[in-house]
Amino acid sequence: MKGNFKERLETLVVVFLLPVLTAVILFQLKETKSDPVKPEAVLQSELQISADHSNYELLQQAFTDPRKVTEACLTCHTKRDEEIMATAHWKWERETELPDGQKVSIGKKNLINNFCTGAVGNNGSCMRCHIGYGWKDESFDFNDPNNIDCLVCHDNTGTYFKQKGQAGLPATAETADAFYSVPDYNYISANVGLPKRENCGICHFHGGGGNNVKHGDLEEALLDCSREVDVHMTTEGANMQCTDCHITENHNIKGRAYSVSAMNTNRISCEQCHTDAPHQNRIYDQHVSKVACQTCHIPSYAKVNATKMWWDWSSAGQTRDGKAYHESDVDGNHNYLTIKGNFVWNDDVEPEYYWFNGTADHYLTGEKITGEPVKINELMGDYHDKEAKIWPVKVHRGKQIYDTESMELLNLKLWAEFEGEGAFWKDFDFDTAAVLGMEYVGREYSGSYDFVRSDAYWPINHMVAPKEQTLSCKECHSRDGRLNQLDDFYLPGKTYSAFVDGFGMLAVIMSLLGVISHGIGRYFFSLKRKKQN
């Protein structure tokens with residue numbers, strides 16, 4: 001009997017309420033007057049440099065030192081050095097206020113990560129991505145304008161490269177090898193221009209030791225990709241450059257990498273071009289207040305090449321016949337390296353989802369480990385935060401070395417040119433690498449180490465899918481949907497609430513009773529009118 005009643009109730013809902021609900025939804029979905037792209041939006045990459053640098057006699061000299069190229073640049077481009085030396089790209093740190101109110105200076109210069117543990121102390125390798133020349137140790141002069149590398153950002157020939165292991169310097173006659181030749185400075189300096197994807201990508205695509213290792217949504221495939229990989233950077237369409245979104249003023253490039261940044265300033269947003277009501281229907285645009293554009297429009301990342309998801313340092317140092325070795329998967333991704341340990345890679349990855357208000361907390365040098373996993377950085381925000389939105393995130397997980405006495409994460413000295421200098425990548429000795437790494441950053445090592453789980457959070461912003469491939473409603477509004485890890489708010493279709501569901505059923509029943517009562521009333525009133533007539 002109960003089953004029959006339920007079936008009858010469902011039939012009444014379909015017959016009487018479904019048409020009404022459908023009409024309401026269709027009304028909400030009707031087009032608005034908003035435009036998907038602001039009419040004044042201009043691509044910065046379309047701006048043209050009028051000067052023909054090949055005509056300048058100053059650039060015809062026989063350059064043998066790249067610092068002399070910078071000196072020549074600054075002869076005409078006066079004060080540009082002051083702009084550059086004020087940026088985070090140069091200083092590798094910025095003054096910031098953490099969510100707890102603590103004011104610190106943080107950046108790649110002093111933060112620990114769960115990839116190579118930290119940049120400083122590994123200068124020969126990591127400083128290849130610094131926009132300067134020769135940051136090989138603490139003696140590097142950040143106030144010398146001739147240490148600025150103008151060409152790494154402005155070379156338009158595709159022939160300028162910093163040499164691996166040379167602390168940010170290109171090859172010289174003494175260091176040139178089969179992979180790196182001495183740049184033709186006259187040719188390159190005569191063909192400079194606005195930065196292209198290749199200029200930005202040389203560091204941002206290859207951070208962490210290889211293509212797409214770190215970010216997951218930034219890799220070589222974006223140099224020439226289809227619409228399905230990225231609708232903005234595709235050569236089949238807009239063919240946008242990085243600087244079209246990362247607008248630059250006085251060499252300050254807009255954008256934040258929350259692996260090393262903490263504050264909700266100097267950010268870029270989709271609204272710069274697309275407005276805050278881009279969908280031309282009300283329901284979708286209402287989502288924008290709590291759902292980041294990226295959440296629906298980037299259903300997966302690492303679409304072409306795999307990205308690193310797990311790095312286990314505890315297994316590093318194993319050798320075969322006394323020599324380092326590696327093992328790779330069928331795609332050439334390293335599963336094991338003696339110098340680094342075990343890895344797990346993945347491609348076409350579904351993001352994890354977190355509330356994010358544009359601020360982040362960080363594990364700071366010397367902080368005590370209080371639990372596991374250690375959060376290398378933490379994205380801040382929750383449902384009740386007015387600034388927070390649901391955001392797609394890559395979480396890089398791993399196991400890294402820590403001091404069991406002081407209970408803090410350790411910096412390791414990883415890189416050296418020769419064996420016997422104490423670098424782990426040459427000598428495979430964690431103790432010596434820890435002593436030297438901690439010494440470089442002015443901290444002590446007790447001599448006792450172990451490994452601890454750690455997580456690092458990387459918000460996803462690139463590899464925007466065509467609108468036909470965005471998330472469907474059901475992918476979030478369902479019991480087994482993408483947002484299952486978020487449990488601090490009620491989401492129709494996902495969250496079960498006895499009160500809400502009971503109230504909803506009561507509302508349905510009362511509505512049905514109202515409709516039935518109205519129908520019965522009209523029937524009896526019509527009979528009464530007939531008798532009166």
Side-chain angles (χ1 to χ4, degrees), residues 92-93 104-130 134-140 164-168 208-209 259-260 311-319 322-326 336-343 362-370 372-377 398-454 456:
W92 272 20
E93 63 179 347
V104 294
S105 182
I106 62 172
K108 291 175 70 69
K109 182 185 285 186
N110 58 4
L111 285 177
I112 288 177
N113 62 60
N114 66 353
F115 284 87
C116 293
T117 73
V120 292
N122 304 309
N123 303 53
S125 178
C126 293
M127 278 44 176
R128 185 183 177 196
C129 276
H130 182 246
W135 183 3
K136 62 180 180 179
D137 53 35
E138 302 98 318
S139 66
F140 180 76
K164 186 176 181 179
Q166 296 301 314
S259 57
V260 291
W311 183 332
D312 182 0
W313 271 104
S314 68
S315 61
Q318 300 173 25
T319 60
K323 296 182 179 180
Y325 73 97
H326 69 269
Y336 181 79
L337 284 170
T338 295
I339 65 173
K340 296 182 178 181
N342 285 102
F343 309 111
H362 292 267
Y363 174 89
L364 299 179
T365 300
E367 286 188 345
K368 303 295 183 182
I369 297 172
T370 58
E372 196 173 353
V374 178
K375 291 188 176 181
I376 300 298
N377 65 325
K399 291 180 71 174
Q400 64 190 108
I401 193 168
Y402 76 103
D403 190 317
T404 58
E405 297 293 327
S406 64
M407 295 300 293
E408 60 179 296
L409 296 179
L410 293 171
N411 283 83
L412 294 176
K413 177 178 175 60
L414 298 178
W415 186 89
E417 190 172 357
F418 304 106
E419 292 182 11
E421 297 181 36
F424 186 82
W425 287 346
K426 291 291 185 181
D427 301 330
F428 316 134
D429 183 337
F430 276 121
D431 269 313
T432 305
V435 169
L436 296 175
M438 296 295 277
E439 183 180 283
Y440 189 96
V441 296
R443 293 155 60 204
E444 293 184 357
Y445 166 52
S446 71
S448 177
Y449 70 86
D450 202 348
F451 297 87
V452 64
R453 281 278 312 277
S454 62

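In this text the structure is predicted, and so the values were computed from the model without any measurement. Positions are given from 1 along the sequence. Heavy-atom basis, side chains included; hydrogens, waters and symmetry copies ignored.
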Practice item. Rounded to the nearest 0.5 Å, what's the gap from CD1 on Ile369 to OH on Tyr402? Could you check? Key: 6.5 Å
Exercise for review: Could you tell me which residues satisfy side chain to side chain donor-acceptor pair (under 3.5 Å) with Lys108, sequence neighbours excluded, listed by chain and number?
Suggested key: none
Review point. Would you find a donor on one side and an acceptor on the other, under 3.5 Å apart, between the side chain of Trp313 and the backbone of Phe115?
Key: yes
Revision key, fill the gap. So salt bridge (Lys or Arg N to Asp or Glu O under 4.0 Å) across residues 114-129, not counting sequence neighbours, yields none
Review point. Closest heavy-atom contact between Gly341 and Ala316?
Key: N-CB, 3.6 Å
Revision key, fill the gap. Looking only at heavy atoms, the pair that brings Asn122 and Leu414 closest together is OD1-N, 2.5 Å
Check your understanding: With sequence neighbours excluded, what pairs up with Lys340 under the salt bridge (charged side-chain N to carboxylate O under 4.0 Å, His left out) test?
Key -> none
Point to revise | side chain to side chain donor-acceptor pair (under 3.5 Å) contacts in which one or both residues fall within residues 414-438, not counting sequence neighbours | key: Asp429-Thr432, Asp431-Tyr445
Exercise for review: Just jot down the ring pair (Phe, Tyr, Trp, His ring centres under 6.0 Å) partners of Phe140, sequence neighbours excluded, or say none.
Suggested key: Trp90, His130, Trp135, Phe142
Exercise for review: State, to 0.1 Å, how close Tyr440 and Val120 come at their nearest heavy-atom pair, and which atoms those are.
Suggested key: CE2-CB, 3.6 Å
**Study point:** Side-chain donor or acceptor of Asn113 paired with backbone N/O of Thr117 under 3.5 Å
**Key:** yes
Exercise for review: Go through the structure and list residues passing side chain to side chain donor-acceptor pair (under 3.5 Å) with Asp312, not counting sequence neighbours.
Suggested key: Ser314
Practice item. Work out which heavy atom in Leu410 is nearest to a heavy atom in Ala434; give both atom names and the distance. Key: CD1-CB, 4.1 Å
Study note, to complete from the structure: Tyr336 meets the ring pair (Phe, Tyr, Trp, His ring centres under 6.0 Å) criterion, sequence neighbours left out, with Tyr325
**Study point:** Inter-residue atom distance Leu111.CG - Lys109.NZ, 0.5 Å rounding
**Key:** 12.0 Å
Exercise for review: Taking side chain to side chain donor-acceptor pair (under 3.5 Å) as the test, write out the residues that go with Ser454, two or more places apart.
Suggested key: Asn114, Gln400
Exercise for review: Run the numbers on Val260 and Trp92 for side chain to side chain contact (heavy atoms under 4.5 Å, CB included), then give the verdict.
Suggested key: CA-CA 9 Å; Val260 291; Trp92 272 20; over 6 Å; no
Point to revise | Spacing of Asn411 atom CG and Ile112 atom CD1 [to the nearest 0.5 Å] | key: 4.5 Å
Point to revise | Residues forming a ring pair (Phe, Tyr, Trp, His ring centres under 6.0 Å) with Tyr363, sequence neighbours excluded | key: none
**Study point:** Pairwise side-chain contact, Cys116 with Trp311, heavy-atom cut-off 4.5 Å (strictly under)
**Key:** yes
Check your understanding: Is a side-chain N or O of Asp403 found less than 3.5 angstrom from the main chain of Ser406, in a donor-acceptor match?
Key -> yes
Practice item. Take atom NZ of Lys323 as the centre, draw a 6.0 Å sphere, and report whether it contains more than 12 heavy atoms from other residues, nucleotides or ligands. Key: no
Point to revise | Any residue meeting side chain to side chain contact (heavy atoms under 4.5 Å, CB included) with Glu372, in chain and number order, not counting sequence neighbours | key: Val452, Arg453
Review point. Does any N or O in the side chain of Thr365 come within less than 3.5 Å of the main-chain N or O of Asn110, such that one atom is a donor and the other an acceptor?
Key: yes
Practice item. Please check if the side chain of Lys375 supplies one atom and the backbone of His362 the other of a donor-acceptor pair under 3.5 Å. Key: no
Point to revise | Partners passing salt bridge (charged side-chain N to carboxylate O under 4.0 Å, His left out) against Lys136 (at least two apart in sequence or in another chain) | key: none
Practice item. Answer yes if the side chains of Thr404 and Ser448 hold a donor-acceptor pair under 3.5 Å, and no otherwise. Key: yes
Review point. At their closest point, which heavy atom of Gly118 faces which heavy atom of Cys126, and how far apart are they?
Key: O-SG, 4.4 Å
Exercise for review: Return each pair, listed once, that meets salt bridge (Lys or Arg N to Asp or Glu O under 4.0 Å) where at least one residue sits in residues 439-451; pairs must be two or more places apart or across chains.
Suggested key: Glu408-Arg443
